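Presented below is the structure to which this report refers.
Each chain gets a letter, A, B and so on, in the order its sequence line appears, and its residues count up from 1. No experiment lies behind these values; they were computed from the predicted model shown. Atoms considered below: every heavy atom in the structure, side chains included; atoms not considered: hydrogens, waters and symmetry mates.
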There are 2 protein chains.
Amino acid sequence: MIKTSKIKNMEEFASVSGLSRPTVSKYFNDAESVRASTRTRIEQALEEYDYRPNIYAINQNRKLTKNVGILVPYLSDPFFAEIARNVEQRCIDAGFRPTLYSAHGDPSLEVEILDSLRSFKPAGVLMAPLGRSSIRGEIEKFCDEVPTVLFDSNIPDLGLAFVGSNNTQFSMLMAEYLCRTGEPPCFFEMQTPSNPNANKRRQGYLDAMLKLGHQPKVIKAEGDGWAFEEIGRRGAHEVFKSGGFPSKTILCSNDRLAIGVLTACWEEGIRVGLDPEASIRVAGQDDHPLARYTCPPLTTIAQEYEAISSYAVEMLTKAVESGEKDHESKLFEGKLVMRDSA
Amino acid sequence: MIKTSKIKNMEEFASVSGLSRPTVSKYFNDAESVRASTRTRIEQALEEYDYRPNIYAINQNRKLTKNVGILVPYLSDPFFAEIARNVEQRCIDAGFRPTLYSAHGDPSLEVEILDSLRSFKPAGVLMAPLGRSSIRGEIEKFCDEVPTVLFDSNIPDLGLAFVGSNNTQFSMLMAEYLCRTGEPPCFFEMQTPSNPNANKRRQGYLDAMLKLGHQPKVIKAEGDGWAFEEIGRRGAHEVFKSGGFPSKTILCSNDRLAIGVLTACWEEGIRVGLDPEASIRVAGQDDHPLARYTCPPLTTIAQEYEAISSYAVEMLTKAVESGEKDHESKLFEGKLVMRDSA
DNA sequence: GTATTATATTTACGCGCGTAAATACTGGAT
DNA sequence: ATCCAGTATTTACGCGCGTAAATATAATAC
């Protein structure tokens, strides 16, 4: 039963709960720091008179806020949306107040966000950098000022930690699987990948092919930006126009590119998949949320969404609490997800 | 050339720019409110000594902040990610400081977000409610306290305005097109749609069929939550198991459902599309970012993303500036996007 | 040159809370 | 009853800025 009388500030709330303001303040800072009997009195009052401390007044004086910034390069990419959701939830569970930002693929916007993030006085930041186009200097400055954990895309030696996937292993795993089950794959990627992970994946492919004694073949699609599906589709059409892929098996650098390739194949009337009538196999990497729903469903390498986000938040929590600053790097292996496209 | 000496507060910044603090404060509040010569002095100082007013101190005393909250029901849905991105940018352009929130499909989280949004003292909020499962009472209370523009999904008479699509028209347009070009469609939707728009779409379908003298047939897929693709896929499989769809043309309530249906068709070995070998046509609604890349590419109704977000922000800006409170409702028509699935 | 505005400065207070130090209280043990 | 450690209270200051009122100054007009 909430009383109608509105509580203006902590002073008033303290008086209605029969306590002093500093005590109440202590409670809101850390509920465990007051005696159990005091705690219940405050919590009863909280149910009766709805009151919330003014966040602006709180953060003005606290040296360490409970704010956490989450910055991803492109939120319209379901992969980042999904991992952001995951990370956000874990931050809340860890007692932080996360705020989500997207650079929308724009390096200058990324820097702007870092700027406004600074004035948030965040306890820490979880950041997936844009990658290739990120302005390293600015990010470095930021990491020096604010405890920052990088994820997904690494910038060597920056921040408290990096948490991501072992992208080399991703491609090796997939390449090996493809070689084992059919014609050795060619590798399909963007000419100018927006992300250093792409280089690791290419290298993984090359390594695997070398190891298995096959001739690697890398095909590049032109195009810039974040419209990966379109780049994949156009690129594949180009390839078909000029004689087709050098192998009947195409390992794409990521799922979104693969989705574009699937579309191109459909438009060319080329059957994709494992059944006898199909003439081409296509595989992706990432386990994009829609990979299971392509036609045919996309064989891919699953990122450890949960593990990555969990570990990243853990790293940040630890660093914030201990104040340590030694750089750590953690890579998770991917798992093969066999579906019908390859 | 940025001086190394760090500016702590507005007092210091005012002194290095040779002005008084109230004048500088006025500038940051509204750059146009000071004399041009003063403005340039401040801006020169800004380039020299990087300083940003403390946001917490600013917002503590301002009755009207420049904060805007953007709340969507499910950010991992690319449709909402895309519209959020659009809205966010327009808010920035309009001079606001937007912050993005997602209810992640959870009504209680939606209410929690509204709660924490209150303490942000936002100038206004742009909100796409969860829909059916939204707790109307709570939202109503919020709309009474904070200038709120609803978009995408309407809650009658709530907020300053509603901006969305004419969902009835969407289905009518598509149904008419499908009747004109082939067998009249059946309508495929979720049993318990999470969103009132679904009801409008069903009604539009029914109206169109009635008008054209065809027998309407509505098929419902079981399932709850936001995994629309999976619900569509499972639902379609169920239908195939029990004798198949009552028409060779399937109009889906939304694109994500249609993507699931396409997957089910693929899994059943049923060809979809316009070419002679195909036995089924499938159409969606929304023009989901990936609709163009399904196999076959999905025929759908395009939402006016740009127009909706632009109008929503415009409504909010106007309301914030004028303080008016008369409810307004604006619906945009959809456009038919013909691709190969129907 | 003076009168008239428009703009800047001075001064002073308040916002809601964090925080620190000194003091007073509480419950439980002896 | 006495002592003690753990908590709560009192008091007081500060954070960085918004804002208002009175005053001083600069820009513009005549």
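- For the side-chain hydrogen bond (donor to acceptor under 3.5 Å, both in side chains) with B/His104, the qualifying choice from A/Arg85, A/Glu88, A/Gln89 is A/Glu88, the only one to do so.
- In this structure, the nucleotide among C/dG18, D/dG18, C/dC17 sitting nearest to the side chain of A/Asn9 is C/dC17.
- Within the structure, the salt bridge (charged side-chain N to carboxylate O under 4.0 Å, His left out) test picks out the following pairs touching residues 18-31 of chain A (sequence neighbours left out): A/Glu11-A/Arg21.
- A straight line from OH of B/Tyr27 to P of D/dG18 spans 13 Å, rounded to a whole angstrom.
- Between the CG atom of A/Asp30 and the C1' atom of C/dG18 there is a distance of 15 Å, rounded to whole Å.
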Q. Can you give one letter per nucleotide of nucleotides 10-15 of chain C, 5' to 3': B if a protein heavy atom sits under 4.0 Å from the base, S if only from the sugar-phosphate, - if neither?
A. BBB-BB
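- Applying the salt bridge (Lys or Arg N to Asp or Glu O under 4.0 Å) criterion to A/Arg90, with sequence neighbours excluded, gives A/Glu306.
- Per the geometry, CZ belonging to B/Arg39 stands 20 Å off P belonging to D/dA26, to the nearest Å.
- For the pair B/Lys26 NZ and D/dG18 C1', the interatomic distance rounds to 13 Å; values are reported in whole Å.
- Taking atom CZ of B/Arg35 as the reference point, atom P of C/dA8 lies 5 Å away to the nearest angstrom.
- At the heavy-atom level, B/Asn29 lies under 4.0 Å from the strands shown only through sugar-phosphate atoms.
- Between B/Ile7 atom CD1 and D/dG16 atom P there is a gap of 13 Å when expressed in whole angstrom units.
- Applying the side chain to side chain contact (heavy atoms under 4.5 Å, CB included) criterion to B/Lys8, with sequence neighbours excluded, gives B/Glu12.
- Put simply, the side chain of B/Ser17 gets close to the backbone of B/Phe13: a donor and an acceptor are under 3.5 Å apart.
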Please tabulate, one pair per line, all N/O donor-acceptor pairs under 3.5 Å involving side-chain atoms of residues 65-79 of chain A, not counting sequence neighbours.
from	atom 1	to	atom 2	distance (Å)
A/Thr65	OG1	A/Asn67	N	3.2
A/Thr65	OG1	A/Lys121	O	2.6
A/Asn67	ND2	A/Phe120	O	3.3
A/Asn67	ND2	B/Tyr56	OH	2.8
A/Ser76	OG	B/Glu82	OE1	3.2
A/Asp77	OD1	A/Phe79	N	2.9
A/Asp77	OD2	A/Arg256	NH1	2.9

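- Comparing A/Asn59 and B/Ser33, the nucleotide of DNA chain C nearest to each residue sits closer to the 5' end for B/Ser33.
- Across all strands, B/Tyr51 comes closer than 4.0 Å only to sugar-phosphate atoms, never to a base (heavy-atom distances).
- The separation between B/Arg62 atom CZ and C/dG16 atom P is 16 Å, rounded to whole Å.
- Nearer the 5' end of DNA chain C, as judged by each residue's closest nucleotide, is the contact made by B/Ser37, out of B/Ser37 and A/Ser25.
- Look at CD on A/Glu11: it is 12 Å from P on D/dT9, rounded to the nearest Å.
- Every residue two or more places apart in sequence or in another chain that forms a salt bridge (Lys or Arg N to Asp or Glu O under 4.0 Å) with A/Glu145 is listed here: A/Arg118.
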